[in-house]
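What follows is a short report on a single structure.
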Amino acid sequence: MQRVALAPRQPIPISLIFLAAFVIHSPLLLMKLPLKSYDANFHIFFASHYIQHWFDPWNPKWYAGFSQTTYPPLPQQWLALISRFTGLDMAYMVVQFIAILLLSLGVFRFAQLWVDRRAASLAALASVFLGAECFLVYSAGQLSTTFAAPLYLNALPYLYEWVRRTNWRSLLKGTVLSVAAAAAHHATLLFGSLLFALPVLVLAFIDRKDGKPVSIPGFSFRSLLAVLLVGAGIAVVLLPFWIALIHYPVTQTPIPHPSRANYILSPFWGVNYFIVPYGAMIFALPFILWRGSSTARLRPLLLGFWLAFLLGLGGTTPLGRLLLGRAFEVLTMERFSYWASLLALPFVGLLAEELIDRFRMRAIAGLTLAAGLTCALAVAWATYRPADAVDFNVDSVAAWLNRDGHDRYRYITLGFGNKISRLSVLTDASSVDGEWNSGRMLPELTEHGAGALTSSKYFGKSGLDALSAILQHSDHYGLKWVFLRDPYYEPLLVFAGWRRVDDLENRTIAVWGKDDVPPATPLNAPQMPPPWQGLMWGTMPIGSSILALLLVLIPDRKLVEQRIPQTSSADEDLVLGRVAS
């Protein structure tokens with residue numbers, strides 16, 4: 001009997017991966033589930049300022065005035081532009097969905113550096129169900145992190161092509177994409193980019209799969225040139241950010257965060273920051289360690305993953321404090337778990353490929369179940385333990401502030417949680433509180449290790465000391481109103497000389513005032529950016545992303561010709577030729 005040769009199994013078309021992302025995430029985004037996450041309203045607040053003052057990053061609504069140049073603006077600026085057509089809430093969902101699609105494409109292209117196309121497509125499909133991605137989108141609300149990382153993943157294959165083959169177009173595209181990623185998030189630039197770039201740089205040096213070894217002088221020259229170009233681009237595009245960071249570094253007392261806890265001694269936070277983000281990927285850890293250590297080409301990727309994985313454990317190990325120093329007290333560690341998950345995806349794709357080849361439909365069923373449960377766990381956790389757990393309406397508070405000249409004075413809220421960002425979007429009144437800790441300069445806040453005043457009691461003595469200091473200096477800041485939802489603070493207000501003046505929302509929100517407080521006046525803050533910085537801030541970051549979009553849409557025919565023999569799917573040829581070339 002004649003034996004029929006089986007055709008090699010094909011990679012999953014990228015269009016099907018995008019379709020899977022649409023099916024999984026679009027219903028959740030249309031339900032506006034991320035609005036209950038920790039930071040979503042923070043990003044919406046920043047975007048609301050760009051809508052009204054695109055070229056003026058000085059925002060008077062928090063901390064009696066602060067500069068938004070302290071936070072890279074790209075996702076918020078796109079959010080502001082799209083909101084012209086959809087409104088702010090839906091614009092957030094659109095930008096977040098674009099980031100999810102970019103992640104699938106970025107993982108596909110990044111994974112191809114390490115594994116074959118079929119395993120890379122499986123890794124890209126796994127990114128749709130990634131627990132860490134779902135955790136950041138639906139629970140943490142870290143739009144900037146989930147927007148920046150995909151841009152770096154898409155940039156690195158271009159830089160690899162440059163170092164390996166001296167392709168100038170690849171250098172240009174990789175540089176512009178890297179600059180756009182830096183314009184999206186500073187922490188990903190300063191920490192995450194190294195975890196991705198260094199393994200790729202090592203791979204470009206040791207790789208022999210194309211039979212063309214790289215000379216040390218050529219490798220050194222091309223690597224140095226890429227670093228200089230990317231560094232120069234980032235320095236120019238984010239110049240106002242660097243000026244603010246150098247002149248006004250973050251020297252405030254560190255604020256506690258549960259992601260830095262010991263997850264063994266604090267099992268709840270272990271579930272929140274380890275079990276939920278990794279999900280079924282935990283069962284792949286032995287394979288990642290074994291295959292990564294036994295395969296020379298995968299060892300740089302393993303080392304990058306392992307470092308990010310250990311840093312993501314927070315205070316469970318001493319590594320974070322040893323490597324990051326003071327930055328450990330400023331950063332939140334869940335972003336390292338996210339980066340570790342992305343670095344692990346090529347291994348996951350390789351494992352899935354081998355399981356499917358061996359067990360066929362049983363493996364497909366098991367992998368589908370594992371991926372679905374991982375995604376479902378992260379989404380369910382965001383619903384079961386939402387960051388914005390208290391559901392109430394702040395419209396009446398905003399309406400109260402916007403009438404009868406009440407907005408001539410500053411205010412704070414107590415017991416509002418993450419609703420303070422939503423309130424700030426709805427009113428023109430200014431507050432001495434806020435949610436962007438690195439942007440605040442008021443000494444009453446920076447001298448105490450506490451976050452937002454509205455949640456003072458959760459920071460213990462430090463939080464109450466900061467609140468007391470602000471209340472005592474209310475005359476200086478024009479602070480006349482306190483909106484109270486938590487009776488816990490009533491004795492402190494009475495002792496500081498405040499009295500109840502009104503009630504809102506069926507007496508669930510009390511308005512407290514203080515007599516003889518002068519109207520608020522703008523503070524003569526030295527950190528206020530000059531007009532030329534506002535002009536740069538309104539043109540360079542958004543311009544870098546538009547330039548990156550235009551450049552990646554221009555196909556590199558040489559690279560397309562190199563990839564055509566490896567591909568039999570017309571759909572993948574189209575995507576790789578027009579988008580990922």
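Hydrogens, waters and symmetry mates play no part in the numbers below; they use all other heavy atoms, side chains included. The shown structure was predicted, so the numbers you read here are calculated from the model rather than taken from an experiment.
By the ring pair (Phe, Tyr, Trp, His ring centres under 6.0 Å) test, Phe219 is found to be paired with Phe205, residues two or more places apart in sequence or in another chain being considered. Every residue two or more places apart in sequence or in another chain was checked for a ring pair (Phe, Tyr, Trp, His ring centres under 6.0 Å) with Trp532, and none qualifies. Partners of Arg260 according to the salt bridge (charged side-chain N to carboxylate O under 4.0 Å, His left out) rule, which considers only residues two or more places apart in sequence or in another chain, do not exist here. Here Pro72 pairs with His186, Leu238, Phe241 under the side chain to side chain contact (heavy atoms under 4.5 Å, CB included) rule; sequence neighbours left out. Remark: Trp436 pairs with Thr70 by the side chain to side chain donor-acceptor pair (under 3.5 Å) rule, at least two apart or across chains. Qualifying ring pair (Phe, Tyr, Trp, His ring centres under 6.0 Å) partners for Phe305, counting only residues two or more places apart in sequence or in other chains: Phe309. A search for side chain to side chain donor-acceptor pair (under 3.5 Å) contacts involving Arg326 returns nothing, not counting sequence neighbours. Taking the side chain to side chain contact (heavy atoms under 4.5 Å, CB included) definition, one finds that Leu30 meets it with Met90, sequence neighbours left out. The side chain to side chain contact (heavy atoms under 4.5 Å, CB included) search around Arg222 returns Trp162, Thr166, Val214, not counting sequence neighbours. With sequence neighbours left out, Thr317 forms a side chain to side chain contact (heavy atoms under 4.5 Å, CB included) with Leu313, Leu319. With sequence neighbours excluded, no residue forms a ring pair (Phe, Tyr, Trp, His ring centres under 6.0 Å) with Trp54.
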Quick one: side chains of residues 278-292, donor-acceptor pairs under 3.5 Å with protein atoms, not counting sequence neighbours, listed by atom name and distance.
unit_1 : atom_1 : unit_2 : atom_2 : d
Arg291 : NH1    : Glu354 : OE2    : 2.6
Arg291 : NH2    : Glu354 : OE1    : 3.2
Arg291 : NH2    : Glu354 : OE2    : 3.0

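Annotation for Leu224: atom CG counts as buried by contact number, over 12 foreign heavy atoms lying within 6.0 Å.
For Phe46 and Tyr50, the gap between ring centers reaches or exceeds 6.0 Å.
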